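Notes follow once the structure below has been shown.
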Amino acid sequence: QVQLVESGGGLVQAGGSLRLSCAASGRTFSRYAMGWFRQAPGKEREFVAAISRSGGSTSYADSVKGRFTISRDNAKNTVYLQMNSLIPEDTAVYYCAAGVGGGIYTLPLSYDHWGQGTQVTVSS
């Protein structure tokens with residue numbers, strides 16, 4: 001079992017940056033592929049970014065490609081989401097997720113564990 005705790009959300013103006021962190025409990029963090037998802041009010045949860053267990057492979061939604069960067073530090077049991085050039089459409093609750101597997105995954109069903117979420121609000 002792994003527990004995930006997100007942090008780093010907040011209110012930022014359009015064009016600004018935020019870095020989200022997701023700290024995982026336990027000693028098996030490196031066994032998990034990790035992902036970031038987001039959910040805006042009235043919308044379904046959507047994929048943002050994913051990273052493989054080693055960090056060697058990443059995937060991004062088209063809407064964030066070139067602006068967001070996912071990374072992980074297995075020694076610190078933490079995954080990050082650096083978000084630059086933020087736009088109001090990025091406003092959502094952001095969730096990190098962990099899934100057992102050797103690939104990178106873009107579907108929520110591929111993930112077994114979820115954090116509680118952190119709010120990101122981008123003002124225009």
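Just so you know, these numbers come straight off a predicted model, no measurement behind them.
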### Query
Quick one: do the N84 and S17 side chains pair a donor with an acceptor below 3.5 Å?
yes

### Query
Going hydrophobic residue to hydrophobic residue with side-chain gaps under 4.5 angstrom, can you get from V5 over to V2?
no

### Passing candidate, salt bridge (charged side-chain N to carboxylate O under 4.0 Å, His left out) with R38, options E6, E44, E46
E46

### Message
Restricting to non-hydrogen atoms, name the atom on V100 and the atom on Y32 that form the minimum distance, rounded to 0.1 Å.
### Response
CG2-CE2, 3.4 Å

### Message
Looking at R45, I'd like to know if its CZ atom is crowded, meaning that more than 12 non-hydrogen atoms belonging to other residues, nucleotides or ligands lie closer than 6.0 Å.
### Response
yes

### Task
Answer with yes or no whether the side chains of E89 and T91 bring together a donor and an acceptor at under 3.5 Å.
no

### Task
Could you list the residues that satisfy ring pair (Phe, Tyr, Trp, His ring centres under 6.0 Å) with F37, not counting sequence neighbours?
F47, Y111, W114

### Over all atoms of both residues, closest heavy-atom pair of A92 and A40
CB-N, 3.8 Å

### Query
Out of curiosity, does V79 fall in the hydrophobic cluster containing I104 (side-chain heavy atoms, cut-off under 4.5 Å, transitive links)?
no

### Task
Enter the distance from Y105:OH to I51:CD1 here, rounded to the nearest 0.5 Å.
13.5 Å

### Message
Count I, L, V, M, F, W, Y as connected when their side-chain heavy atoms are under 4.5 Å apart, and connections chain through other members. Are L4 and Y95 then in the same cluster?
### Response
no

### Y94-V12 co-clustered via ILVMFWY side chain contacts under 4.5 Å
yes

### R19 to Y80 six-membered ring, cation-pi geometry met (6.0 Å, 45°)
yes

